[in-house]
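The first residue in the sequence is number 1, and the count goes up from there. This is a predicted model, so every value here is computed, not measured.
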Amino acid sequence: CGTRCAVFGVCTASTCGCPSGRLDCAGTCVPTATDEANCGGCGIVCASGATCTSGVCLCPAGYAVCSGTCRDVRTDSMNCATCGTSCGVGGFCVTSACHTPSAIDAGTDHVCAYTSRGDVFCWGDSDYGENGRTSTTSIGLPTLVAGVSNAVAVTAGGEHSCAVAGSGAVYCWGRNTSSELGFVGLNTATATAVPGIGNAVDVNAGAAFTCATRLTGAVSCWGQNTSGQTGQPASASLSTPTDVPGLAGVLEVAVGDAHACALLGDRTVSCWGSNVSGQLGDGTMVSRATPMAVPGLANVATIAAGGAH
């Protein structure tokens, strides 16, 4: 009297036992084929995040057991491709490869970067394919943009993005309602070469227009032109990359929502486009398509532009 069988056990012919597929582990008959705490035998504990299948602990596909936890070695910057492989400070892991950002730019609701490998990654909003994905669902992880290699510059605009390849070609993707991608056509998530640009060294995107700095020191712009931000007389839009007149020896370009500025070789700054908030720095609020020097500036080292400043 008083002899108790294990929990879930059975007594057969005066003998306690566990049903088929279960073992008595510390007084309980457990299914060792599926129990993560007793997988394949009593006391064999699966790693955190693993499941017990047919008595074997398994991490999800693409994961590996690192320090007792299933880690996604495709995206984990501390365990990239293999456990313990760190991508270092500022690095990130994509498709089991470490990438180190070389430059980064933020648009209205998305961000793009290019890495030391020359790859371009974007993340954030994707209403128009601006992060390089056909899905309109936003994404919170850097995603490789296909079709661009050996990138040397990247920019994120209002709802479009562009990059300069090592060849000097410019590729753009995202919204194209104002021809900000450099051609007349539909929005696209596919990185598409801008016609007529083959010697670019940098590219900058505004709300709905784009400017490329060429190796020659010239600047070409295209896209929305309601305030003359492309450097041409104000119009709805400019679909063909066109040189901004009056600029030469340009070292750097910065663009806002609808204005642009250039740092010249003599270290002065010239601006053009919308001036409704005085962002051209000329003491007026009159927009203009012609670049004009910002008075009082000399020995300028670098420039940057915000939405309207």
>> Pairing donors with acceptors under 3.5 angstrom, does anything connect the side chains of Asp125 and Asn131?
In response: no

>> Quick check: closest heavy atoms across Ser135 and Ser126, and the distance to 0.1 Å?
In response: O-OG, 2.7 Å

>> Going by the rule side-chain hydrogen bond (donor to acceptor under 3.5 Å, both in side chains), which residues pair with Asp257 if we only count those two or more places apart in sequence or in a different chain?
In response: none

> Please, which pairs that meet side chain to side chain donor-acceptor pair (under 3.5 Å) have at least one residue in residues 241-253, sequence neighbours excluded?
Replying inline: Ser220-Asp243, Glu252-Thr302

> Does Thr82 have any side-chain hydrogen bond (donor to acceptor under 3.5 Å, both in side chains) partners at least two apart in sequence or in another chain, and if so, which?
Replying inline: Thr85

> What ring pair (Phe, Tyr, Trp, His ring centres under 6.0 Å) pairs are there with at least one residue in residues 255-309, not counting sequence neighbours?
Replying inline: none

>> By the disulfide (SG to SG under 2.5 Å) test, which pairs, at least two apart or in different chains, include something from residues 174-260?
In response: Cys211-Cys221

>> Apply side chain to side chain contact (heavy atoms under 4.5 Å, CB included) to residues Trp222 and Ser237 and explain how you reach the verdict.
In response: CA-CA 8 Å; Trp222 59 91; Ser237 63; over 6 Å; no

Pairs under 3.5 angstrom only: tabulate donor-acceptor contacts from the side chains of residues 8-31 to other protein residues two or more places apart or in another chain.
| residue | atom | partner | partner atom | Å |
| --- | --- | --- | --- | --- |
| Thr15 | OG1 | Ala13 | O | 3.4 |
| Arg22 | NH1 | Cys29 | O | 2.8 |
| Asp24 | OD1 | Gly27 | N | 3.0 |

>> Suppose we screen for side-chain hydrogen bond (donor to acceptor under 3.5 Å, both in side chains). Which residues come up paired with Asp127, at least two apart in sequence or across chains?
In response: none

>> Just verifying a value: how many Å separate Leu263 CG and Leu251 CG, rounded to the nearest 0.5 Å?
In response: 5.0 Å

Enumerate donor-acceptor pairs with a distance under 3.5 Å from any side-chain N or O in residues 33-48 to protein atoms, sequence neighbours excluded.
| residue | atom | partner | partner atom | Å |
| --- | --- | --- | --- | --- |
| Asp35 | OD1 | Ala37 | N | 2.8 |
| Glu36 | OE2 | Cys52 | N | 3.2 |
| Asn38 | OD1 | Gly43 | N | 2.8 |

>> Would you say that Asp76 contacts Cys93 through its side chain, given a criterion of any heavy-atom pair below 4.5 Å between the two side chains?
In response: no

>> Taking salt bridge (Lys or Arg N to Asp or Glu O under 4.0 Å) as the cut-off, I'd like each qualifying pair that reaches into residues 152-181, sequence neighbours left out, listed once.
In response: Glu159-Arg175

>> Can you list everything that forms a side chain to side chain contact (heavy atoms under 4.5 Å, CB included) with Thr155? Sequence neighbours excluded, please.
In response: Asp105, Cys162, Val203, Ala205

> If you look only at pairs with a residue in residues 105-159, which of them pass as a ring pair (Phe, Tyr, Trp, His ring centres under 6.0 Å), with sequence neighbours excluded?
Replying inline: Phe92-Phe121, His99-Phe121

> So how far is it from Met285 CE to Ser274 OG, rounded to the nearest 0.5 Å?
Replying inline: 10.5 Å

>> If we count only N and O atoms by modelled type, under 3.5 Å, do the side chains of Asp119 and Ser149 hold a donor and an acceptor together?
In response: no

> Does the side chain of Thr230 come under 3.5 Å of the side chain of Asn225 through a donor N or O and an acceptor N or O?
Replying inline: yes

> For the side chain to side chain contact (heavy atoms under 4.5 Å, CB included) test, which of Val154, Thr213, Val152 pairs with Val164?
Replying inline: Val152

>> My understanding is that only residues two or more places apart in sequence, or in another chain, count here; which of them pass side-chain hydrogen bond (donor to acceptor under 3.5 Å, both in side chains) with Asn199?
In response: Arg214

> Hey, does the side chain of Thr190 reach the backbone of Thr192 with a donor-acceptor pair shorter than 3.5 angstrom?
Replying inline: no

> Is a side-chain N or O of Ser138 found less than 3.5 angstrom from the main chain of Thr136, in a donor-acceptor match?
Replying inline: no

